Visitor: 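Encoded as structure tokens, here's the structure I'll be asking about.
Bear in mind that the values here come from a model prediction, so they are computed numbers and not experimental data. In what follows, every chain begins at residue 1, and chains take the letters A, B, ... in the order their sequences are listed.
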Number of protein chains: 2
Amino acid sequence: MFPTFQVRLAGLDPGGDYMLMMDFIPVDDKRYRYAFHSSSWIVAGKADPNSPPRIHVHPDSPNKGAQWMKQVLSFDKLKLTNNQLDDNGHIILNSMHRYQPRFHVVYVNCKGEDATATENFSTFVFPETKFTAVTAYQNHRITQLKIASNPFAKGFRDCDPDEW
Amino acid sequence: MFPTFQVRLAGLDPGGDYMLMMDFIPVDDKRYRYAFHSSSWIVAGKADPNSPPRIHVHPDSPNKGAQWMKQVLSFDKLKLTNNQLDDNGHIILNSMHRYQPRFHVVYVNCKGEDATATENFSTFVFPETKFTAVTAYQNHRITQLKIASNPFAKGFRDCDPDEW
DNA sequence: GCATTTTCACCTAGGTGTCAAGTT
DNA sequence: AACTTGACACCTAGGTGAAAATGC
């Protein structure tokens, strides 16, 4: 997923253990298609059936609050797929559907026998991170934006990288 | 470090938390040089002063016993340096000195307040992994062995990779 | 004279959009 | 007609020993 979801954490218990996670929930029960004449997405019917939702656990989990708060966190290992039979633990999405990423902070208290009974969750949603999943870009300006900002797409840039 | 230190674990508590670590201890208090005429290492004086020893923690730590036992463990992120002022957390060694890698399994019991009081260690030493640290290979057969076995050195192979 | 560092061509490994071909 | 897949050239990022340059 590019751009990568990045976040800075504050207010954690420095010595406590936390797991950080992300998941993706459908924004609505609709399927979309892109109307080129109006350059906008329009509803194209009811949503396709979706696989059981998956959760991406940040690979540095679990870790101390102090460690998580030290720097900006990046979910750069998170991968998306449209393959409903995916076997790599990637997040499964339906193409041409809208999704809202969610960020979860899980406090892991291991003092008790039954760990789950003492876990605390906080979930954060940033509405500006909603997106439509595609297998091919529908809008040339999105293509140009990603070519301009993703280092791996440098080979497609027209002019000097410093000019961007 | 190549070849990478790899090990398989058995007999852990599947639900318990473990940290896996490696460190490197001097084999003796000597400095060596390579005698080309006899193709062997000979003592060349007393050991140079060494920096405070560092410990490499396997980056997947901490993790459950069940997880550690699932596959062969590889310490492929472990890096060596001769830079006594290293700031990257690498293992600091003296060139032309002999070292013995050690492997540590640490059981992390977090039920008590003072975690260190309830930790249990096991240390494993494989004498066949002893080596002499160098900045340049002293023996052409070592060079050829590494060219033959390290995928990143394919550019230096003489014949078809399949023949090796 | 020996040991170390630096630069280099050559790899591995994998993330980009393009374009042609395939699918529904 | 709309959507998806796979091969591809072109990148990033970084691990090899060779050879030249530097240090002691």
Side-chain angles (χ1 to χ4, degrees), chain A residues 1-4 31-37 41-45 47-48 74-86 88 90 92-97 132-161 164, chain B residues 1-4 31-37 41-45 47-48 74-86 88 90 92-97 132-161 164:
Chain A
M1 184 171 71
F2 186 90
T4 298
R31 184 179 217 294
Y32 290 82
R33 67 181 182 83
Y34 195 71
F36 292 98
H37 59 82
W41 290 96
I42 58 178
V43 176
D48 297 329
S74 183
F75 279 83
D76 53 354
K77 292 291 182 292
L78 191 156
K79 289 180 198 299
L80 309 175
T81 182
N82 66 340
N83 180 5
Q84 305 290 321
L85 305 172
D86 174 76
N88 305 302
H90 297 168
I92 301 174
L93 302 181
N94 278 326
S95 185
M96 315 308 274
H97 291 60
T132 308
V134 294
T135 57
Y137 297 139
Q138 306 293 317
N139 182 333
H140 191 57
R141 294 175 64 208
I142 291 289
T143 313
Q144 291 308 312
L145 180 63
K146 299 193 81 169
I147 288 176
S149 54
N150 191 324
F152 291 110
K154 262 187 189 162
F156 300 102
R157 290 185 189 166
D158 288 329
C159 56
D160 197 295
W164 286 89
Chain B
M1 185 170 71
F2 187 89
T4 297
R31 183 179 219 293
Y32 291 82
R33 69 181 181 83
Y34 194 72
F36 293 98
H37 58 83
W41 291 95
I42 58 178
V43 175
D48 297 329
S74 184
F75 279 83
D76 54 353
K77 292 291 182 293
L78 190 156
K79 288 178 197 301
L80 310 175
T81 181
N82 66 340
N83 179 7
Q84 306 290 319
L85 305 173
D86 173 77
N88 305 303
H90 298 167
I92 301 173
L93 303 181
N94 278 327
S95 185
M96 315 309 273
H97 291 62
T132 308
V134 294
T135 57
Y137 296 140
Q138 306 293 315
N139 181 332
H140 191 57
R141 294 176 63 208
I142 291 290
T143 312
Q144 291 307 312
L145 180 63
K146 299 193 80 168
I147 287 175
S149 54
N150 190 323
F152 291 109
K154 262 186 190 160
F156 300 102
R157 291 186 189 164
D158 288 329
C159 55
D160 198 294
W164 287 89

Visitor: Any side-chain N or O of A:N82 below 4.0 angstrom from OP1/OP2 of D:dC3?
Guide: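 No, outside the criterion.
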
Visitor: If we ignore hydrogens and angles and just use 3.5 Å, is the side chain of B:R157 paired with the main-chain N or O of B:A148 as donor and acceptor?
Guide: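 Looks like yes, one N/O pair under 3.5 Å.
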
Visitor: Look at the side chain of A:M96 and decide which nucleotide, out of D:dC3, D:dT5, C:dT4, has an atom nearest to it.
Guide: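 The listed nucleotide nearest to A:M96's side chain is D:dC3.
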
Visitor: Taking CD1 from A:I147 and C1' from C:dC19, how many angstroms apart are they, rounded to a whole number?
Guide: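 Interatomic distance, CD1 of A:I147 to C1' of C:dC19: 13 Å.
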
Visitor: Does any part of the side chain of A:H97, heavy atoms only, come nearer than 4.5 Å to the side chain of A:T132, both counted from C-beta?
Guide: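 No, too far: nothing below the 4.5 Å cut-off.
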
Visitor: Calculate the interatomic distance between A:N94 atom CG and D:dC3 atom C1'; express it in whole Å.
Guide: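 Whole-Å distance recorded here is 13 Å.
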
Visitor: Would you mind reporting whether A:Q138 and A:W41 have side-chain heavy atoms less than 4.5 Å apart?
Guide: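 Yes; the side chains approach each other to less than 4.5 Å.
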
Visitor: When you measure from the side chain of B:F2, which nucleotide among D:dA18, D:dT16, D:dC3 comes out closest?
Guide: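 Output: D:dT16.
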
Visitor: Could you state the CD-P distance from B:Q144 to D:dT16, rounded to the nearest angstrom?
Guide: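 Between P of D:dT16 and CD of B:Q144: 16 Å.
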
Visitor: State which of D:dC3, D:dA18, D:dT16 makes the closest approach to the side chain of A:Q138.
Guide: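 So the side chain of A:Q138 is nearest to D:dC3.
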
Visitor: Which protein N or O atoms sit under 3.5 Å from an N or O of nucleotides 12-15 of chain C?
Guide:
unit_1 : atom_1 : unit_2 : atom_2 : d
C:dT12 : OP1    : B:K154 : NZ     : 3.3
C:dG15 : OP1    : A:K79  : NZ     : 2.7
C:dG15 : N2     : A:F152 : O      : 3.1

Visitor: Check whether any side-chain N or O of A:S95 sits under 4.0 Å from OP1 or OP2 of D:dT4, and answer yes or no.
Guide: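 A:S95 to D:dT4 OP1/OP2: side-chain N or O found under 4.0 Å.
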
Visitor: Taking OH from B:Y137 and P from C:dT5, how many angstroms apart are they, rounded to a whole number?
Guide: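 It is 15 Å, rounded to the nearest whole Å.
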
Visitor: Using the ring centroid of each side chain, check whether A:Y34 and A:Y32 are separated by less than 6.0 Å.
Guide: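 Centroid distance A:Y34-A:Y32: not below 6.0 Å, so no.
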
